[in-house]
Amino acid sequence: MHNTPGQVFLADCPTRLAVEIIAEKWAVIVLFALSLQPRRPGELASLIGGISRKVLTQTLRRLQAYGLVERHTYAEAPPRVEYSLTPLGQTLIEPIKVLTDWARDNGEAIVDFQEQHGSPS
């Protein structure tokens with residue numbers, strides 16, 4: 001059964017849950033970073049400016065709990081951990097690319113508007 005447009009506003013709607021997962025502040029950025037290649041947590045932290053290791057770990061665990069990211073542990077000394085997208089997570093690559101392209105094309109206009117009209121409180 002497909003969701004009708006009005007159902008998206010219901011608290012228990014699967015569509016709403018999916019939107020809430022990717023609307024979390026760091027989720028799209030982490031997913032985008034992992035769309036390029038699997039990465040270790042330290043690589044992600046270096047690549048993504050402004051995210052703390054604690055928040056990165058929380059975001060990765062949340063995305064893993066929803067089946068979008070998988071964690072690989074390698075039996076090495078010292079142990080190595082790497083994260084990658086699951087097949088479900090890979091379905092987000094194209095929508096994230098479209099959103100990123102929009103942000104790249106329109107980010108300056110948003111900054112200009114804020115400077116002319118003041119930042120939101």
Side-chain angles (χ1 to χ4, degrees):
M1 174 173 100
H2 290 295
N3 296 320
T4 59
Q7 288 180 315
V8 175
F9 297 109
L10 299 177
D12 61 347
C13 176
T15 303
R16 181 170 160 182
L17 173 62
V19 169
E20 287 175 354
I21 292 166
I22 61 171
E24 189 268 333
K25 180 177 181 178
W26 295 105
V28 169
I29 295 169
V30 169
L31 291 167
F32 185 64
L34 291 174
S35 75
L36 305 173
Q37 67 185 50
R39 295 189 188 269
R40 297 173 72 173
E43 291 176 281
L44 285 169
S46 296
L47 182 65
I48 302 170
I51 190 169
S52 70
R53 293 211 178 226
K54 177 182 176 183
V55 171
L56 175 60
T57 299
Q58 291 170 339
T59 301
L60 287 165
R61 285 183 182 158
R62 191 175 310 109
L63 294 172
Q64 187 179 1
Y66 288 114
L68 300 174
V69 167
E70 56 191 354
R71 181 180 193 263
H72 305 276
T73 305
Y74 298 91
E76 299 174 352
R80 178 169 60 103
V81 174
E82 194 173 77
Y83 290 89
S84 62
L85 296 180
T86 63
L88 181 60
Q90 290 174 3
T91 65
L92 284 166
I93 293 172
E94 186 58 30
I96 289 171
K97 182 185 179 319
V98 170
L99 182 60
T100 302
D101 288 345
W102 179 89
R104 189 176 295 121
D105 293 343
N106 295 286
E108 196 64 41
I110 292 170
V111 170
D112 290 346
F113 184 88
Q114 284 183 319
E115 288 173 355
Q116 292 174 6
H117 297 89
S119 297
S121 314

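Below, each value reflects all heavy atoms present in this structure, side chains not excepted, and no hydrogens, waters or symmetry copies.
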Item to check | Sidechain-backbone polar pair: Ser35 side chain, Ile93 backbone, donor-acceptor under 3.5 Å | outcome: no
Checklist entry - To the nearest 0.5 Å, what is the distance between SG (Cys13) and CD (Glu20)? => result 9.5 Å
Checklist entry - Got a second to check how far Glu24's CD is from Tyr66's OH, nearest 0.5 Å? => result 10.5 Å
Checklist outcome for this item: Distance col, row Leu36:CG vs Glu43:CD, nearest 0.5 angstrom, shows 11.5 Å
Checklist entry - Are Ile96 and Val19 in one and the same hydrophobic cluster, where Ile, Leu, Val, Met, Phe, Trp and Tyr link if side-chain heavy atoms are under 4.5 Å apart? => result no
Item to check | From CA spacing to verdict: side chain to side chain contact (heavy atoms under 4.5 Å, CB included), Leu34, Ile29 | outcome: CA-CA 9 Å; Leu34 291 174; Ile29 295 169; over 6 Å; no
Next on the checklist: Quick one: does any side-chain atom of Glu76 pair with a main-chain N or O of Pro79 as donor and acceptor, under 3.5 Å?
Outcome noted: no
Checklist entry - If Ile, Leu, Val, Met, Phe, Trp and Tyr residues are connected whenever their side-chain heavy atoms lie under 4.5 Å apart, and connections chain through other members, are Leu88 and Val69 in the same group? => result yes
Checklist outcome for this item: Here the pair of heavy atoms bringing Leu56 nearest to Ala45 is CD2-N, 3.7 Å
Next on the checklist: Could you go through Leu31 and Leu63, starting from their C-alpha distance and side-chain angles, then the distance that decides it, and tell me whether this counts as side chain to side chain contact (heavy atoms under 4.5 Å, CB included)?
Outcome noted: CA-CA 9 Å; Leu31 291 167; Leu63 294 172; 4.0 Å; yes
Checklist outcome for this item: In short, Val28 meets Ile22 closest at the heavy-atom pair CG2-O, 3.1 Å
Checklist entry - Taking it one step at a time, do Val55 and Trp26 satisfy side chain to side chain contact (heavy atoms under 4.5 Å, CB included)? => result CA-CA 8 Å; Val55 171; Trp26 295 105; 3.4 Å; yes
Item to check | Check ion pair Glu82-Arg39 (N to O, under 4.0 angstrom) | outcome: no
Checklist entry - Does the side chain to side chain contact (heavy atoms under 4.5 Å, CB included) test come out yes or no for Val81 and His72, once each step is laid out? => result CA-CA 6 Å; Val81 174; His72 305 276; over 6 Å; no
Item to check | Check: Thr73 main-chain N/O paired with Arg80 side-chain donor or acceptor under 3.5 Å | outcome: no
Checklist entry - Could you state the interatomic distance from CD (Glu94) to CG (Leu99), rounded to the nearest 0.5 Å? => result 11.5 Å
Checklist entry - Could you state the interatomic distance from CG (Leu44) to CZ (Arg40), rounded to the nearest 0.5 Å? => result 11.0 Å
Checklist outcome for this item: Rounding to 0.5 Å, atoms CZ (Arg62) and OG1 (Thr57) come to a distance of 11.0 Å
Next on the checklist: For Glu70 and Tyr83, which I'm curious about, is there any donor-acceptor pair between the side chains at under 3.5 Å?
Outcome noted: no
